[in-house]
Amino acid sequence: MEIDIFGEVSYYPSMQIGYFAQDYRTQLLPEQTVWQWMENNIVAPAQEIRKVLGQVLFRGDDVNKKIAMLSGGESARLIMAKLILEKHNVLIFDEPTNHLDMESIDALIEAVQVFPGTVLFVSHNRYFIDRISTRVLVLTEQHGVQNYLGNYNDYLDQFGKDYLAIA
């Protein structure tokens, strides 16, 4: 995938894009259990589904919880499990840490760090940004899109907090 400074996006035929939307809860069916929802939405062996659910902190009887009873963070983790099992090579996250507690954020960070593909995300969570970013894109009206290699702290070290405040 290539993105130029004028907003053009080029897709390659081999791209399999997964998208985590801010309104992710609309994908869930409240009357189903975690396990039922995964079985109905993923084609994968039960052992693989259980392994990934465990990675996103659904362990033991947690898979029998009704989706209606899940917290916002648990619901987000369920959608993440689905994305992992769909075997995308590009993931786009729109505010993935909203509603997540620190344990869930750390689990997401670990999953993203071992993900072999490309991750493009928008987040206001500086801890999350610093832990997983290898490049920071800053979009401003004055300068357009600016590309900085490194993580969030590298960006701040180069330009300082005052620059970020006016960006």
Side-chain angles (χ1 to χ4, degrees), residues 1 3 14-139 147-157 164:
M1 175 168 54
I3 302 174
S14 62
M15 291 175 65
Q16 299 296 319
I17 299 174
Y19 177 61
F20 181 91
Q22 280 192 46
D23 62 352
Y24 59 87
R25 289 184 95 158
T26 60
Q27 299 174 46
L28 301 173
L29 300 174
E31 69 280 358
Q32 292 184 333
T33 66
V34 167
W35 185 257
Q36 288 168 333
W37 189 81
M38 288 297 285
E39 275 192 319
N40 292 334
N41 287 282
I42 293 296
V43 177
Q47 183 178 4
E48 188 176 358
I49 292 173
R50 189 166 289 279
K51 176 185 171 198
V52 171
L53 284 171
Q55 289 172 335
V56 296
L57 309 177
F58 285 104
R59 298 183 177 119
D61 286 338
D62 290 342
V63 299
N64 297 319
K65 271 186 171 180
K66 291 271 189 192
I67 289 176
M69 303 307 293
L70 298 181
S71 69
E74 288 171 321
S75 298
R77 293 192 329 252
L78 183 56
I79 297 295
M80 295 292 178
K82 179 180 179 278
L83 287 172
I84 291 166
L85 285 163
E86 289 173 333
K87 306 208 186 295
H88 301 283
N89 55 16
V90 177
L91 294 175
I92 300 174
F93 293 149
D94 185 2
E95 296 290 352
T97 60
N98 286 356
H99 311 293
L100 297 184
D101 59 19
M102 282 308 296
E103 183 181 22
S104 299
I105 291 171
D106 284 335
L108 175 58
I109 288 168
E110 287 178 29
V112 169
Q113 287 173 334
V114 299
F115 179 68
T118 299
V119 178
L120 177 65
F121 65 92
V122 174
S123 180
H124 291 93
N125 185 313
R126 293 178 180 185
Y127 173 75
F128 179 77
I129 296 168
D130 191 52
R131 293 287 307 278
I132 68 165
S133 62
T134 57
R135 175 183 306 214
V136 176
L137 296 176
V138 178
L139 295 89
N147 179 16
Y148 301 99
L149 294 179
N151 67 15
Y152 181 67
N153 279 330
D154 295 334
Y155 168 78
L156 289 179
D157 288 345
L164 181 64

Next on the checklist: Quick check: do Arg50 and Leu53 have side-chain heavy atoms less than 4.5 Å from each other?
Outcome noted: no
Checklist entry - Could you state the interatomic distance from CG (Leu91) to CZ (Phe20), rounded to the nearest 0.5 Å? => result 11.0 Å
Next on the checklist: To the closest 0.5 Å, what do you measure between CG (Asp106) and CZ (Arg131)?
Outcome noted: 6.0 Å
Checklist entry - Counting heavy atoms not belonging to Met69, are there more than 12 under 6.0 Å from its CE? => result no
Checklist entry - Around Lys66, counting heavy atoms of other residues, nucleotides and ligands shown, do more than 12 lie under 6.0 Å from its NZ? => result yes
Next on the checklist: I want to check something: taking the side chain as every heavy atom from C-beta on, are Phe58 and Glu74 in contact at a cut-off of under 4.5 Å?
Outcome noted: yes
Checklist outcome for this item: Gln32 and Gln36 have their tightest heavy-atom pair at CA-OE1, 3.3 Å
Next on the checklist: Could you report the tightest heavy-atom contact between His124 and Ile129, atom names first, then the distance?
Outcome noted: C-CD1, 4.5 Å
Checklist entry - What's the spacing between Arg135 CZ and Asp154 CG if we round to 0.5 Å? => result 13.0 Å
Item to check | Shortest non-hydrogen contact from Pro96 toward Leu100 | outcome: O-CD1, 3.3 Å
Next on the checklist: Could you check whether any side-chain heavy atom of Ile42 comes within less than 4.5 Å of a side-chain heavy atom of Glu48, counting everything from C-beta outward?
Outcome noted: no
Item to check | Val112/Phe121 under side chain to side chain contact (heavy atoms under 4.5 Å, CB included): CA gap, chis, key distance, verdict | outcome: CA-CA 11 Å; Val112 169; Phe121 65 92; over 6 Å; no
Checklist outcome for this item: For Gly18 and Leu83 the tightest heavy-atom approach is CA-CD2, 3.9 Å
Checklist entry - Regarding Arg126 and the six-membered ring of Tyr152, is the cationic atom NZ or CZ under 6.0 Å from the ring centre and inside 45° of its axis? => result no
Item to check | Approximate separation, where rounding is to 0.5 Å, of Tyr127 OH and Met102 CE | outcome: 4.5 Å
Checklist entry - Mind checking whether Ile92 and Ile17 have side chains closer than 4.5 Å, heavy atoms only? => result yes
Next on the checklist: Let me confirm one number: the CG-CZ distance from Leu108 to Phe93, rounded to the nearest 0.5 Å.
Outcome noted: 5.5 Å
Next on the checklist: So does Gln16 get a backbone contact from the side chain of Asn89, meaning a donor-acceptor N/O pair under 3.5 Å?
Outcome noted: yes
Item to check | Smallest separation among heavy atoms of Gln22 and Glu95, with atom names | outcome: NE2-CG, 3.5 Å
Next on the checklist: Looking at every heavy atom in both Trp37 and Gln27, which two are closest together, and how far apart are they?
Outcome noted: NE1-O, 3.3 Å
Item to check | Atom CG of Asp61 with >12 non-hydrogen neighbours under 6.0 angstrom | outcome: no
Checklist entry - Taking atom CD of Gln113 as the centre, does the number of heavy atoms from other residues, nucleotides or ligands within less than 6.0 Å exceed 12? => result yes
Next on the checklist: Rounded to the nearest 0.5 Å, what separates atom OG1 in Thr33 from atom CE in Met38?
Outcome noted: 11.0 Å
Checklist entry - With a 4.5 Å limit on heavy-atom distance, are the side chains of Ile49 and Val63 in contact? => result no
Checklist entry - Counting distance only, does the side-chain N/O of Asp62 pair as donor-acceptor with the main-chain N or O of Arg59 below 3.5 Å? => result yes
Item to check | Neighbour count above 12 (heavy atom, 6.0 Å) for Glu39 CD | outcome: yes
Next on the checklist: Are the side chains of Lys82 and Glu86 in contact, using a 4.5 Å heavy-atom criterion?
Outcome noted: yes
